[in-house]
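Values in this document were obtained by computation on a predicted structure and should not be read as measured data. The chains referred to below are lettered A, B, ... by the order of the sequence lines, with proteins before strands, and numbering in each begins at 1.
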Amino acid sequence: MELDKKFDFKDREKEIYSRWEQSGFFNPDKLKAKSSKLEADRFSMVLPPPNATGTLHLGHAVMLVVQDILARFNRLIGKKVLWLPGTDHAGIATAEKVEKLIYKKEKKTRHDLGREEFLNRVDEFVEDSRDVIRKQVRAMGASLDWDRESFTLDDKRSRAVNEAFKRMYDAGLIYRGNRIVNWDPKMQTTVSDDEIEWEDGVDPFYYIKYGPFVIATARPETKFGDKYVVMHPEDKRYAEYKDGQEIELEWINGPIKATVIKDKAIDMEFGTGVMTITPWHDNTDFDIALRHDLDKEQIIDLNGKLLPVAGEFAGMHISKARPLIVEKLKEKGLLEKVDEKYSHRVAKNSRGGGMIEPQILDQWFVDVNKKFEFKKADFSTDSLEIKDGKELTLKELMQRAVREGKIKFLPERFEKIYFHWIDNLRDWCISRQLWYGHRIPVFYCSKKQEFQNHESGIMNYEEKAVVETVKPKECPVCGECEMRQDQDTLDTWFSSGLWTFSTLGWPEETEDLKLYHPTDVLETAPDIIFFWVARMILMSGFLIGDIPFKNVYFHGLLRDKEGKKMSKSANNGVDPIQVIEQYGADALRMSLIVGNAAGSDLVVSDDKFRAYRNFVTKVWNATRFVLMNYDDSLEEGELIEEDRKILDEFRVAKDGIKEHVKNFRLHLAAEEAYHYFWHTFADKIIEDLKPRLKEGGENRESAQTLIMTLLKEQLVMLHPFMPFVTEELYQQLPLKDKKGFLMIESWN
RNA sequence: GCGUCCUUAGCUCAGUGGUAGAGCGCUUCCUCGACACGGAAGAGGCCAUAGGUUCAAUCCCUAUAGGACGCACCA
């Protein structure tokens, strides 16, 4: 059969993918495993679920390529490979995006639409972008088991979320409490610590007389209620003032009585070494207030407006009130001086951009320091060497899984970052005042419980909540009312934390769980190590007593030519489909893997795509040459001595590549495979064999056998990296023991 | 402030305790029955700087400079 001069990837890739898909071999149930030992036999990964709000860019393509190489390689070495796809509802990110779109088009807020209508709109939007994502993922050649496709918000996953919440609540690890949280007045929701972005800012720094002291602040608008003045116990300048001493002084809106507090949290070097505290709107102040059991008063409401404590300024937005307050302080002679060039950092919500205003709110938290009784689920493996019934905290659990080597990070240095994060970890606020997400599975008696809108200010739940995975038919409190579910939704990472096992059927004890959990590798970007990787370890450890994965491979972030990180927010993402249409998926895949060492960033450009597109053509033409010179009337001959040697050398190179893949050195594997094919096989071996392959050449059988063997084994070897062209060419080879697909050939 | 990583050919980056590697680009030659998205030959590097360890350092250690990043603090 005569081949064209080039691989027609535009037409062929789609066709090849759909034939793979129809074959069913993406589903491990259809694969026959080589051995009968389960552990040796299976290989599993979950695809980090992309946010269902957007479409994929080249950064996601890196992730797909790395994982598909692992999946295809393991299939070739005879494992039952499960690679499970899905998408993430990405609560806050999606809500923000859809709200913005609706407002732009219709000038309506989510409150104008109402909860139900708003959620319908989000669902529509999400459905559309998931279709795009599915198409993009297929175009990359990703050999995912679509039969098991999941969504963090689908029925099964929601059930798992409710179950997880209840179990953690019952163990005392989830509690409701009034604590200081990060409040985003713009999106009207709490935000987790990890979702905050710190921006450098330069603002005026005001030195204000406070009785005998001078205090310094960048935020005079928070100071109305300040009635505690704090200094370091060892500060000699203020030695005459004693802890607990009361002082009468003139303040913004008249005379007040202040109490002196001595606390080591004060930095003597900073400002005047004296500060007043605003426990309701500052983390450090909150901690000080807790330590000394001080009163806490709210100054700013959830919309960023001043409360009645501000007197004449009540009802004013803080940004408007600040200059007026400064003016008043000046008039009263309380303003000592202003440092105009004070640089500090301001907290911003990284999803949507509102300025964070700390608030004390009644929210749901996961307690990371409380001891619980460790328990393994029946199906879990022995990968964590913690005995059933042992008491430990979630922090300790997360530390042990990595410290004891049960989970390995690649590159290793990320382990340090991980431990450091755990050391500084505070309780995880998991409730969000968003509509899109998993509604918190807590129910209240409508008769005994007063419900207040979050918009109105402080919430106060006195009654005990009923935590159930499904809404109770009868109200256990009054016995007659229709119970009301908590208005809030869960932090999106709560559900992603369950991903390795919720996708396998948990809380049912399914065959999939027994077979495929823990997964072998989690391959992801280093920027979600805290959001996701850590939370998966936490959830899996508590809920099933197991690790979620054995290895974590962090790939490098993709940068554009200017060196900027490709991301949704930076809006510099390139649609992989664009590159695929121009150069083919195989070329894109090679470009994204060669030179991409774990954890180091990668810059790609058209030059690189072109180079590997040329390689695709090279493989194509070398195969064409072999086929053109193949005489099928010849018997397959024994290899003569020198041919045998060439084959042996090749097998050494091939084994080296196999080792590279097994050790996650994919960039080296790809490069060496490339190099062998082009510069050894094509440039040397083919050239040397040309005379012998011509009619009348010597040892023609041996030459033909050698070249066909080398070609076939190289197609297998290259297949994980460039699946399309290799599959297409494999189909053309005149082999006796040919499998239906190269995808299920064996790499021996 | 604490910590991590990077600095290698013109560009983008691999890599190793023992003569420096790739891709692109560049120079010269070549349309030869696989391929010009090709072939052959080649130029190009004190492996950031200064010390140290070693028989031997681009690689290990210590400092310095420049760059990137993570974490904490910021009254």
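At a threshold of 4.0 angstrom between heavy atoms, the contacts of Ala218(A) are confined to the sugar-phosphate backbone, with no base atom among them. Nucleic acid contact class of Lys690(A) (heavy atoms, under 4.0 Å, all strands): base. Among the protein residues, Tyr342(A) comes within range of the sugar-phosphate backbone only, with heavy atoms under 4.0 Å from sugar or phosphate atoms but none that close to a base. Residue contacts shown for Asp267(A) include a base, since a base heavy atom lies under 4.0 Å away. Backbone-only contact: Thr284(A) has heavy atoms under 4.0 Å from sugar-phosphate atoms and none from a base.
RNA chain B is contacted by Arg413(A), Lys416(A), Ile417(A) of residues 409-417 of chain A, taking any non-hydrogen atom closer than 4.0 Å. Applying a 4.0 Å cut-off to non-hydrogen atoms, none of the residues of residues 705-727 of chain A approaches RNA chain B.
Remark: Lys690(A) is positioned above the aromatic ring of Phe625(A), its terminal NZ or CZ atom under 6.0 angstrom from the ring centre and at most 45 degrees off the axis. Under a cutoff of 6.0 Å and an axis angle of 45°, Arg403(A) and Phe419(A) form a cation-pi pair.
Taking atom CZ of Phe677(A) as the reference point, atom P of G38(B) lies 13 Å away to the nearest angstrom. In this entry the distance linking CG of Asn629(A) with P of C35(B) reads 11 Å, nearest Å. Straight-line distance from the CZ atom of Phe615(A) to the C1' atom of C35(B): 13 Å, rounded to whole Å. One can place CG of Asp423(A) at 12 Å from P of A72(B), the figure rounded to the nearest angstrom. Straight-line distance from the CZ atom of Arg624(A) to the P atom of C35(B): 5 Å, rounded to whole Å. Atom CZ in Phe530(A) sits about 15 Å away from atom P in C69(B), given to the nearest Å. Atom CD1 in Ile529(A) sits about 17 Å away from atom P in C69(B), given to the nearest Å. One can place CD1 of Ile196(A) at 15 Å from P of G70(B), the figure rounded to the nearest angstrom.
Less than 6.0 angstrom separates the ring centroid of Phe205(A) from the ring centroid of Tyr207(A). Side-chain rings of Phe313(A) and Phe224(A) approach one another, their centers coming within less than 6.0 Å. Between Tyr612(A) and Tyr583(A), a ring centre-to-centre spacing not shorter than 6.0 Å is recorded. Between His344(A) and Tyr342(A), the ring centre distance stays below 6.0 Å. Checked against a 6.0 Å centroid threshold, the rings of Phe724(A) and Phe7(A) do not count as neighbours. Checked against the 6.0 Å centroid threshold, Phe409(A) and Phe414(A) do not count as a close aromatic pair.
Ionic pairing of Glu197(A) and Lys348(A) is not present here: no N-O contact between side-chain nitrogen and carboxylate oxygen is shorter than 4.0 angstrom.
Using atom P as the reference point in both G23(B) and G39(B), the two lie 10 Å apart (nearest Å). Rounded to the nearest Å, the gap between the P atom of A63(B) and that of G1(B) is 15 Å. Taking the C1' atom of each, A56(B) and G18(B) are spaced 6 Å apart, rounded to whole Å. Taking atom C1' in both G3(B) and U8(B), the straight-line distance is 26 Å, to the nearest Å. To the nearest whole angstrom, the two C1' atoms, one in U53(B) and one in C59(B), are 13 Å apart. Between C47(B) and C13(B), the two C1' atoms lie 13 Å apart (nearest whole Å). Atom name P, nucleotides G10(B) and C26(B): the rounded distance is 15 Å, in whole Å. C74(B) and G21(B) have their C1' atoms separated by 47 Å, with the value rounded to a whole Å.
Residues satisfying the salt bridge (charged side-chain N to carboxylate O under 4.0 Å, His left out) criterion with Lys712(A), sequence neighbours excluded, are Glu745(A). Phe681(A) meets the ring pair (Phe, Tyr, Trp, His ring centres under 6.0 Å) test with Phe677(A); sequence neighbours excluded.
For Met628(A), taking side-chain heavy atoms from C-beta onward, the closest of the listed nucleotides G70(B), A34(B), C74(B) is A34(B). Residue His420(A) has its side chain nearest to G70(B) when only C37(B), G70(B), A34(B) are considered. Set against C37(B), C74(B), C35(B), the side chain of Arg613(A) has C37(B) as its closest nucleotide.
Closest heavy-atom contact between Pro734(A) and Met708(A): CD-CE, 3.6 Å. For Ala289(A) against Lys296(A), the heavy-atom pair with the smallest separation is CB-CG, 4.2 Å. Shown here for Gly273(A) and Ile266(A), the closest heavy-atom pair between the two residues is O-CG2, 3.4 Å.
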Sugar-phosphate means primed atoms, P, OP1 and OP2; the rest is base. With that split, encode nucleotides 11-27 of chain B 5' to 3' as B, S or - using protein heavy atoms under 4.0 Å. -SSSS------SSS---
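Counting only heavy atoms from C-beta outward, the side chains of Phe609(A) and Gln582(A) never approach each other to under 4.5 Å.
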Could you write out RNA chain B as a dot-bracket string, with dots for unpaired bases, | for bases paired across to another strand, and Watson-Crick or G-U pairs counted at under 3.5 Å? (((((((..((((....[..)))).(((((.......))))).....(((((..]....))))))))))))....
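Take the nearest nucleotide of RNA chain B for Asp285(A) and for Lys618(A): the residue whose nucleotide is more 5' is Lys618(A).
A donor-acceptor pair under 3.5 Å is absent between the side-chain atoms of Asp285(A) and the main chain of Pro279(A), judged by distance alone.
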